[in-house]
Structures are given as C-alpha cells and as structure tokens.
Amino acid sequence: MHSQKKAGAILGYLNIGAKNLVNLIYVPLLLHFLGQGDYGVYQMTASVTFALTLLEAGFSGAYVRFYMRKNAKDDEAGIRELNGIFFLTYLAVALLCLVGGAVLVANVQRLFSGGLTASELVLARQLMAIMSVNIAVQFLSSPFDSYIAAHEQFIFQQSRQLLVTIVQPFLAVLLLMLGLGAVGVASAQFVVTVVLLLLNISFSLRKLGMRFTFRGLEGSLFKAILVFSFWIFLNQIFDLVNNNVPNFLLGAMASSSAVAVFSIAMQIRNIFVSMSTTMSNVFVPQINRMVAESDDNTELTHLMTRVGRYQMILFWYIYGGFIVLGRFFVHIWAGDANADAYWLTVMMVLPVMIPLTQNTGIEIQRAKNRHKTRSLIYILTSVINIVISVLLIPRIGYWATAIGYVVGTSLGTGLFMNWYYQTRIGLDMFYFWRNMFPTIALAVGVTAVCLAGSALFPVDSFPSFILWGGFYSLLFGGLTWKISLTDVERNNVIRRIARKG
C-alpha cells in the first residue's frame, strides 16, 4: 500500500502537469476550430449543465468511511450491502440527472434566447443533451470508483486519469478536423466517460471482487449515509459560492475587465489547490482505517504533520517562486492589461497555506463524523466574503473580492479550524506548527534574498526568468535538504539514489 500511495501521488502530479500542458495547446485549438461564438456557447452550456453534478449530494465522500468501518469488523455481508445501497443510490441520481437534463434541453429557448442566435440555440440544445447524458454516466461510475479508492488502488486510478487527460483532447481534435464542431468535443468527452465506466466495472468486479446485495437493505444504514453526506454536500455548495459569486458580483457591480483580471488570479490559485489535494487524497483510506480501528489522536496528529510538512515544502516552493517570477509570467501569459492578477494571487494564496497544508485534517473530521462544524463555518465565511465584496466593489473593484476572500479564509479555515482541531477533534496543533515553522522560515528567507537580487537584476526576459528560476530552485532545494528533511528522510533519499546508481 505504501508503494501504491507513493506511485499514486507521483502519477497525480504528472497528471496535473499534463493537464496544464495540454490546456496550453488545447484551448487555442478549440478557439481556432470553433470560433469565438461556438466556443462561448460550449463553455456556457458546460457551466449550466455542471449544476447537475450537485445531484451527487456528497455521497462519494461517504463511501470510504462506511467501507472502512465495515472492513474493520470483517463484515463482508455489510460491505456487499453497502455496495448495493451506493449502486442503487447512484442509479437513482443518474436517472434524476437525465430528467434534469431533459428539463434544461426543453428550456434552452427561455434560458438563452436573449443572448444567442437561432443556430446557436440549436447547438446549445445538442450540447446540453450530450453533456447531461455524460454526467449521468459519470454518476454510474462513482460506486466502482469509490470501491477502487477504498482498496487504495491509486496506480490504477491515476493512470486512468492520465489516460483521460491525454486521449480526450486528441479525440476531440480529431472530431473537430472531421467537421463535427462543438458537438464533436462534447461527444469525445462522452466516449471517454463510457470507456472509463467499463474500465472501472471490469477492474472492480474482476480484480477486486466487488459484490452487491440488493435485498433486505437496512434503512438505518442509508439514513446514516444520507446525514453524513449532507454536510459534505453543503460544503460543496458553498465552495461553488466562494468560487463563482465573486465573478458574478464583479460583472454586476464593476466591469467585464474586472472579472477577467480576478478570474486569472483564481485560475492560478487553483493550481495551488490541486497540487495540495493530490498528495492528501492518497491518505483518505488510511485515515478512515486508522479511525475505524483505533482512533488514536497521537497517530493521527503525526500523520497529519508528516503529510502537512511535505505539502508545506511544495506550497512554499511554488508560492515563493511565483512571488519572484510571477510578474513576468503574468505579463507573458495574460498581458499587461491583467498585471494586477499577480498581486491578487499573492494576496489570496498566502492565507490558503493553512487549509492546503491541513487537508488530511478534513479527512480526519469526516472519518470521525465531525465535519458538520466545518460546513457551518464555511457558510459564515461565504457570507463574510460576499458582504465585504458587495460593500467595497463600488470603491475598489476586484481588490474587494480579494479582501473578502482573504478575511473569510483567514478567520474560518485558518484560525477557527485550528482551534477546532485542538479543542474538539483532539489533534495537537502546537506540535503541527512547531514542525511547520522551519520550512516557513527558510522559504521566507529564500524568497526575500531572491526578491532583493531581482531588484538589481530584474526578471524581464526569458533568459533572466530561467536563470532566476534555477537559482531559486537550487537555493530552496539545498536549504530544504538541510533544514526541512529529517535525518531518516535524507538517508532514505541517499539509499534510493545509491540503489538506482
């Protein structure tokens, strides 16, 4: 299982890198083949149908916890019953998705008649139908995907996802070249989703021996799953609010250019989020197993701290590098009109350091069934974010949404959740932060030195960008080796290098 987690994390980061690389090429190709109008219809339709994913209602986050509790008791009959409940639940959700999709298709005229031409309305109707069916198929795949995750088969999971990242754009471009337009792009997604469903079913049934029971299902078990999932669902809703309402407010109270600048900053921020969650996701089954078997808070604290220290190293390497090199990157990537996206990113990413290095804490809460409070706090932070944004947007534009985000994140997922972990969950957060401080201190020092140097020799060209990036990486890597890593970790690295040599 250790090799599964290690390989899964490595493949996960390869997947993130592949996604970013593919998007750099894929998006311009879509614009070339589709044109601005059809591309806009495609993106708009995708945004509307994405709302159907909320029908999932947090069930996928519940399976691993309930599986581990059954597994800890060697309750094979209970696991088959759990599989049956989840399969029937997702079958019902998939059917609801098809009904919801049909309602959306029937009301395309009402939804978009104010902004789309007659031909664009026809295209939107076709895309919405394909995308709705695609989401329904994804729902059918979820019980099998959750079973694979519970068995910690991360190599299969991430290899499959990497395959999707690479194959789907190639298939879409092929269909575009055949003249199928945006319908071809949506069809490519659907084909890949069906293939994934078949792969998941085959791997779960043949390799892992997944079995189902559909008779005599306990209503009490379904009720427990429903209550547990509700708070995850609430969390997901307000996550969508935090990510999407600021853009809406800026569009309504400021300008489209303000939306563009803030959206670019949010895209960069999302890179930090994906890099952090990739590492913590592979520990979800282990955390649930530890809570189900012993619920030892000391062991859980040490696991959270060990994973958090690696996340902290990764976070500060990217964040410090962005502070040093980001202005030139934004200038090249987004243009001078969006130059403020650099400062917005610097502002919004720093407080995210806390929740991004404590992702495992979220899973510990869920494993203990103590995640209700976090969802309620998420509501409060969303309200704070929106109130600050509404009050200040007329005066300072996108700086208002950034301030609202920083205040909400710092108070909620920062101060409050650390207090909650310490006093209510039983984790030793003083131990956690004592182990984080050396990495934070060295990262701040390295970033300050490079900033001072770049003031004398600015990062204003590709050669200087590469030189400063190399110098920053060497300095950060060297000090991390000396300060952040333990003697055991350094010896492990040396032994692996020696074996390969």
Checklist entry - At their closest point, which heavy atom of C97 faces which heavy atom of S132, and how far apart are they? => result SG-O, 3.5 Å

Next on the checklist: Working to the nearest 0.5 angstrom, can you tell me the gap between F139 CZ and T89 OG1?
Outcome noted: 12.5 Å

Checklist outcome for this item: Sorted by chain and residue number, the salt bridge (charged side-chain N to carboxylate O under 4.0 Å, His left out) partners of R309 (sequence neighbours excluded) come out as E489

Item to check | Any donor-acceptor N or O pair under 3.5 Å, side chains Y147, N83 | outcome: no

Checklist entry - Do any pairs count as a side chain to side chain donor-acceptor pair (under 3.5 Å) and have a residue in residues 313-326, sequence neighbours left out, and if so which ones? => result Y317-S473

Checklist entry - Once you round to the nearest 0.5 Å, how far does CG of L376 lie from CG of L380? => result 9.5 Å

Item to check | Closest approach of P285 to E152 (non-hydrogen atoms, all atoms of both residues) | outcome: CB-CG, 3.4 Å

Item to check | Distance (rounded to the nearest 0.5 Å) between Q138 CD and N200 CG | outcome: 11.0 Å

Next on the checklist: Could you go through D340 and F262, starting from their C-alpha distance and side-chain angles, then the distance that decides it, and tell me whether this counts as side chain to side chain contact (heavy atoms under 4.5 Å, CB included)?
Outcome noted: CA-CA 9 Å; D340 281 345; F262 188 76; over 6 Å; no

Next on the checklist: If I compare all heavy atoms of A265 with all of A341, which pair ends up nearest, and what's the gap?
Outcome noted: CB-O, 3.8 Å

Next on the checklist: Is it the case that the side chains of N435 and T305 hold a donor-acceptor pair, with the cut-off being a distance below 3.5 Å and no angle test?
Outcome noted: no

Next on the checklist: Tell me every residue that passes salt bridge (charged side-chain N to carboxylate O under 4.0 Å, His left out) with R65, counting only those two or more places apart in sequence or in another chain.
Outcome noted: none

Next on the checklist: Using the side-chain contact (heavy atoms from CB on, under 4.5 Å) criterion, which residues pair with I483? Sequence neighbours excluded.
Outcome noted: P438, L442, L479

Acceptor/donor pairs from residues 407-417 side chains to any protein atom, 3.5 angstrom cut, sequence neighbours excluded:
from: T409; atom 1: OG1; to: Y405; atom 2: O; distance (Å): 2.8
from: S410; atom 1: OG; to: V406; atom 2: O; distance (Å): 2.7
from: T413; atom 1: OG1; to: T409; atom 2: O; distance (Å): 3.0

Checklist entry - Under the side-chain hydrogen bond (donor to acceptor under 3.5 Å, both in side chains) test, which residues partner Y472, sequence neighbours left out? => result none

Checklist entry - Is any side-chain heavy atom of V330 less than 4.5 Å from a side-chain heavy atom of I268? => result yes

Item to check | Step-by-step side chain to side chain contact (heavy atoms under 4.5 Å, CB included) determination, W343 to W399 | outcome: CA-CA 9 Å; W343 294 107; W399 300 108; 3.7 Å; yes

Checklist entry - Can you list every pair that meets salt bridge (charged side-chain N to carboxylate O under 4.0 Å, His left out) and has a residue in residues 135-147, with sequence neighbours left out? => result D145-R160

Item to check | Backbone of F156 reached by a side-chain donor or acceptor of S159 within 3.5 Å | outcome: no

Checklist entry - What class does the angle between the rings of F66 and F228 fall in, given that below 30° is parallel, 30 to 60° is tilted and above 60° is perpendicular? => result perpendicular

Next on the checklist: Could you tell me if the side chain of R306 sits less than 4.5 Å from the side chain of Y310, heavy atoms only?
Outcome noted: yes

Checklist entry - Which distance, rounded to the nearest 0.5 Å, do you find between the CG of L300 and the CG of D428? => result 12.5 Å

Next on the checklist: I need the full list of ring pair (Phe, Tyr, Trp, His ring centres under 6.0 Å) pairs touching residues 377-397, with sequence neighbours left out, sorted by first then second residue.
Outcome noted: none

Item to check | Worked check of side chain to side chain donor-acceptor pair (under 3.5 Å) between N288 and E363 | outcome: CA-CA 8 Å; N288 280 272; E363 300 306 330; 4.9 Å; no

Item to check | Pairs where residues 368-395 contributes a residue and the test salt bridge (charged side-chain N to carboxylate O under 4.0 Å, His left out) is met, not counting sequence neighbours | outcome: D295-K368

Checklist entry - Is any side-chain heavy atom of L82 closer than 4.5 Å to a side-chain heavy atom of I225? => result yes

Item to check | CG on L325 to CG on L451, rounded to 0.5 Å | outcome: 9.5 Å

Checklist entry - Of the non-hydrogen atoms in S454 and V459, which two are nearest, and what is the gap between them? => result CB-CG2, 4.2 Å

Checklist entry - Could you give the distance from CE (M353) to CD (Q358), rounded to the nearest 0.5 Å? => result 9.0 Å

Checklist entry - Which is it for L127 and V185 under the side chain to side chain contact (heavy atoms under 4.5 Å, CB included) test, yes or no, and what are the steps along the way? => result CA-CA 9 Å; L127 292 175; V185 178; over 6 Å; no

Checklist entry - Is there side-chain contact between L162 and Q158, with heavy atoms separated by less than 4.5 Å? => result no

Item to check | Partners passing side-chain hydrogen bond (donor to acceptor under 3.5 Å, both in side chains) against T439 (at least two apart in sequence or in another chain) | outcome: S484

Next on the checklist: Other residues, nucleotides and ligands only: do more than 12 of their heavy atoms fall within 6.0 Å of OH on Y431?
Outcome noted: yes

Next on the checklist: What verdict does the salt bridge (charged side-chain N to carboxylate O under 4.0 Å, His left out) test give for R69 and E293, after you've listed the backbone C-alpha separation in whole Å, the side-chain angles of each residue and the deciding distance to 0.1 Å?
Outcome noted: CA-CA 8 Å; R69 298 180 79 81; E293 292 177 355; over 6 Å; no

Checklist entry - If you take all heavy atoms of N385 and P246, which pair is closest and at what distance? => result ND2-CG, 4.5 Å

Checklist entry - Is it the case that Y420 and Q365 place a side-chain donor and acceptor less than 3.5 Å from each other? => result no

Next on the checklist: Applying side-chain hydrogen bond (donor to acceptor under 3.5 Å, both in side chains), can you list everything that pairs with T165, at least two apart in sequence or on another chain?
Outcome noted: N15

Checklist entry - Does I130 offer a backbone N or O that forms a donor-acceptor pair with the side chain of N134 under 3.5 Å? => result no

Item to check | Pair F329 and F465, ring centroids less than 6.0 Å apart | outcome: no

Item to check | Check: I148 main-chain N/O paired with Q153 side-chain donor or acceptor under 3.5 Å | outcome: no

Item to check | Any I403 side-chain heavy atom under 4.5 Å of M347 side chain | outcome: yes

Checklist entry - Side-chain contact, heavy-atom cut-off 4.5 Å: W231 with T373? => result no

Next on the checklist: Suppose we screen for side-chain hydrogen bond (donor to acceptor under 3.5 Å, both in side chains). Which residues come up paired with N338, at least two apart in sequence or across chains?
Outcome noted: none

Checklist entry - Are any of the side-chain heavy atoms of T401 and Y398 separated by less than 4.5 Å? => result yes

Item to check | Whether Y63 and F86 hold their rings parallel, tilted or perpendicular, with breakpoints at 30° and 60° | outcome: perpendicular

Checklist outcome for this item: Minimal heavy-atom distance between N359 and L356, with the atoms involved, is OD1-O, 2.6 Å

Item to check | Polar side-chain atom of D336 near backbone of A339 as donor-acceptor pair, under 3.5 Å | outcome: no

Next on the checklist: Taking the side chain as everything from C-beta on, heavy atoms only, tell me whether M131 gets closer than 4.5 Å to F190.
Outcome noted: no

Checklist entry - Are the aromatic rings of Y67 and H151 close, with centres under 6.0 Å apart? => result yes

Checklist entry - What's the verdict on side chain to side chain contact (heavy atoms under 4.5 Å, CB included) for L303 and Q286, showing C-alpha distance, side-chain angles and the deciding distance? => result CA-CA 10 Å; L303 175 63; Q286 180 180 345; 4.1 Å; yes

